[in-house]
There are 2 protein chains.
Amino acid sequence: MSSSSGAAPTFTETARRAQIVQAAITTVNELGYPRASLAEIARRAGVAKSAIVYYFASKDMLLLHVVEHVFTALDDVRDKAVAAHTDPAAQLRAYVGSHLAHVDGHRPEITAGIEIVVSHRGPDGIPLYLTATDEDTALLRRILGDGMAQGVFRQLPLRLAVDVVEALLDTVTTQLQRDPTADLGTLREEIPTIVFRALAAPE
Amino acid sequence: MSSSSGAAPTFTETARRAQIVQAAITTVNELGYPRASLAEIARRAGVAKSAIVYYFASKDMLLLHVVEHVFTALDDVRDKAVAAHTDPAAQLRAYVGSHLAHVDGHRPEITAGIEIVVSHRGPDGIPLYLTATDEDTALLRRILGDGMAQGVFRQLPLRLAVDVVEALLDTVTTQLQRDPTADLGTLREEIPTIVFRALAAPE
DNA sequence: ATAGGATTAGACCGTACGGTCAAGACGCAA
DNA sequence: TTGCGTCTTGACCGTACGGTCTAATCCTAT
């Protein structure tokens, strides 16, 4: 059985699962979401289609696992970076900086994860992973909310401020989708500046 | 024959083509790109699949036509608005304002157009319409370049400045993808401010 | 060594897709 | 009326997909 619940996962199981997840990432990056079929993923993983369905219940479940794998890693990095500071300005700088650094250092995972989140749809066409409402932006909301309350950031609808920061961060991933080998040095320097320019309270 | 070249298009041809393009837009909005099949588009247009292939050579050609239809309209609006001003700051304000107004007033076309551009792939997985290099951003590049040369905007790599402006504008479309009926009032007020905050030269 | 679960491959199935095709319906000029 | 280009349809085809199933193989505990 594919573990899923109950006993501890076997050695081969954890290995195969990681191998298949990696294959899914490279497949999505090479062929794009629409052409990332089970057969292609299996081919890149060096296993049969049925092996994938055996470990993950379905293609949907595999992709969901990939998405979680990618974005919880990103979340963890940002959480850790932010936790090292207390005042909102420093926290925002840590948030943005750690985000950019992680994206820069994990390009394949990030681009594939975004591709899946954006493209994957449920059986009736509704986006499946693209929730993006509360949970995901909780940390950012808290930082910006605190900063506004303390007068560090200028007064702005919270949702708008969150969207602006995320839009500016998305500049990097957009760049990567255009050219996966792009040099992000300039962006990593300037984006934080622009974020603070956009949000800083007038003196 | 489906016109394509030579003689002037028939009355029914122009009507059918517009009807089918509209059906494609609503289909993409209702079902999302992956499920927007020829059959579904035909169903919404009230014609047979073969009628679509008759007027447009293929599904790809139909979608390409939709994309051009949507984005040349947006381009025209921005061109016209910018042409009414001469100094870069006013031109940028006109560019951003007209963009936001047009998007606000043509939500279905815009969301469908973006969905297609983002999701559509060629036979080997390479994005087909997602060029986004020179042509599309020519006007914005010129405005920002002039503004930097005149010291109105701060010195920044041109590409980065362009990406920032577009990212901030994309905030609106992202909002619309989450909720097609969202109120964009606040965004339309604040985005221009934030754009200028990000780009304005220090006094 | 051997039983029994874990694991793997390959054949197979139903479905949905984009596109083709032959045949007819419509409208208009002679 | 007759002919012809325009237009439209529904049936049909080949392909690729996600997923199932069967049978065989591996691994490990006893």
Side-chain angles (χ1 to χ4, degrees), chain A residues 1-21 23-24 27-28 30-66 116 119-125 128, chain B residues 1-20 23-24 27-28 31-66 116 119-125 128:
Chain A
M1 198 188 310
S2 60
S3 92
S4 69
S5 66
T10 314
F11 171 78
T12 65
E13 167 156 4
T14 54
R16 277 269 182 268
R17 287 176 73 103
Q19 173 191 14
I20 292 172
V21 166
T27 306
V28 169
E30 289 179 9
L31 304 183
Y33 173 87
R35 303 206 170 258
S37 63
L38 275 183
E40 286 293 341
I41 297 175
R43 206 168 60 80
R44 280 168 178 73
V47 299
K49 279 194 316 179
S50 35
I52 297 181
V53 184
Y54 174 76
Y55 285 112
F56 307 85
S58 66
K59 187 192 181 186
D60 282 1
M61 288 301 157
L62 167 61
L63 295 183
L64 176 60
H65 195 88
V66 172
I116 295 172
S119 302
H120 193 72
R121 303 299 172 88
D124 41 355
L128 209 49
Chain B
M1 200 188 310
S2 62
S3 94
S4 69
S5 66
T10 315
F11 172 78
T12 64
E13 167 157 4
T14 53
R16 277 269 182 270
R17 286 177 74 104
Q19 173 190 15
I20 293 172
T27 306
V28 168
L31 304 183
Y33 173 87
R35 302 206 171 258
S37 62
L38 275 183
E40 286 292 341
I41 297 174
R43 207 167 61 80
R44 280 167 178 73
V47 299
K49 277 194 317 180
S50 30
I52 297 180
V53 184
Y54 175 76
Y55 285 110
F56 308 85
S58 66
K59 187 192 182 187
D60 282 0
M61 286 302 156
L62 167 60
L63 296 183
L64 176 60
H65 195 87
V66 172
I116 295 171
S119 301
H120 193 71
R121 302 300 172 88
D124 41 354
L128 208 50

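The two atoms that bring Tyr55(A) and Arg16(A) nearest to each other are CE1-CB, 3.7 Å, heavy atoms only. The two residues Thr27(A) and Arg44(A) come nearest to each other via the heavy atoms OG1-CD, 3.0 Å. Contact record, Ala45(B) with Ala23(B): CB-CB, 3.5 Å, taken as the closest heavy-atom pair. Residues Lys49(B) and Ala42(B) come closest through the heavy atom pair N-CB, 3.7 Å.
Applying the salt bridge (charged side-chain N to carboxylate O under 4.0 Å, His left out) rule to Arg35(A) yields no partners; only residues at least two apart in sequence or on another chain are considered.
Within the 4.0 Å cut-off from OP1 or OP2 of dT8(D), not a single side-chain nitrogen or oxygen of Tyr54(B) is found. The shortest distance between the side-chain N/O atoms of Arg16(B) and the OP1/OP2 oxygens of dT8(D) is below 4.0 Å.
Counting only heavy atoms from C-beta outward, the side chains of Ile41(A) and Leu62(A) approach each other to under 4.5 Å.
Looking at Lys59(A), its side chain has no donor and acceptor atom pair within 3.5 Å of the base of dG19(D).
Between Arg17(A) atom CZ and dA6(C) atom P there is a gap of 14 Å when expressed in whole angstrom units. Whole-Å rounding puts the Ile41(A) CD1 to dA16(D) P distance at 17 Å. In this structure, His120(B) places its NE2 atom 12 Å from C1' of dG18(C), rounding to the nearest Å. If you take CD1 of Ile20(B) and C1' of dT8(D), they are 11 Å apart, rounded to a whole angstrom. To the nearest angstrom, C1' of dT8(D) lies 12 Å from CD of Gln19(B). One atom, CZ of Phe11(B), and another, P of dC7(D), lie 11 Å apart when rounded to the nearest Å. Taking atom CG on Asp60(B) and atom C1' on dG19(C), their separation rounds to 12 Å, with Å as the unit. Taking atom CD1 of residue Ile52(A) and atom C1' of nucleotide dA9(C), one finds them 13 Å apart after rounding to whole Å.
The listed nucleotides are dT8(D), dT20(C), dA9(C); the one nearest the side chain of Val47(A) is dA9(C). Side-chain atoms of Tyr55(A) lie closest to dT8(C) of the nucleotides dT8(D), dT8(C), dG19(C). For Lys49(A), the side-chain atoms get nearest to dC12(C) when compared with the rest of dT7(C), dT9(D), dC12(C).
Residues of residues 30-39 of chain A that place a heavy atom closer than 4.0 Å to DNA chain D, in numerical order, are Ser37(A), Leu38(A).
A donor-acceptor contact shorter than 3.5 Å links the side chain of Thr14(B) to the backbone of Phe11(B).
Comparing Ser50(A) and Glu40(A) by the nucleotide of DNA chain D that holds the closest heavy atom to each, the one mapping nearer the 5' end is Glu40(A).
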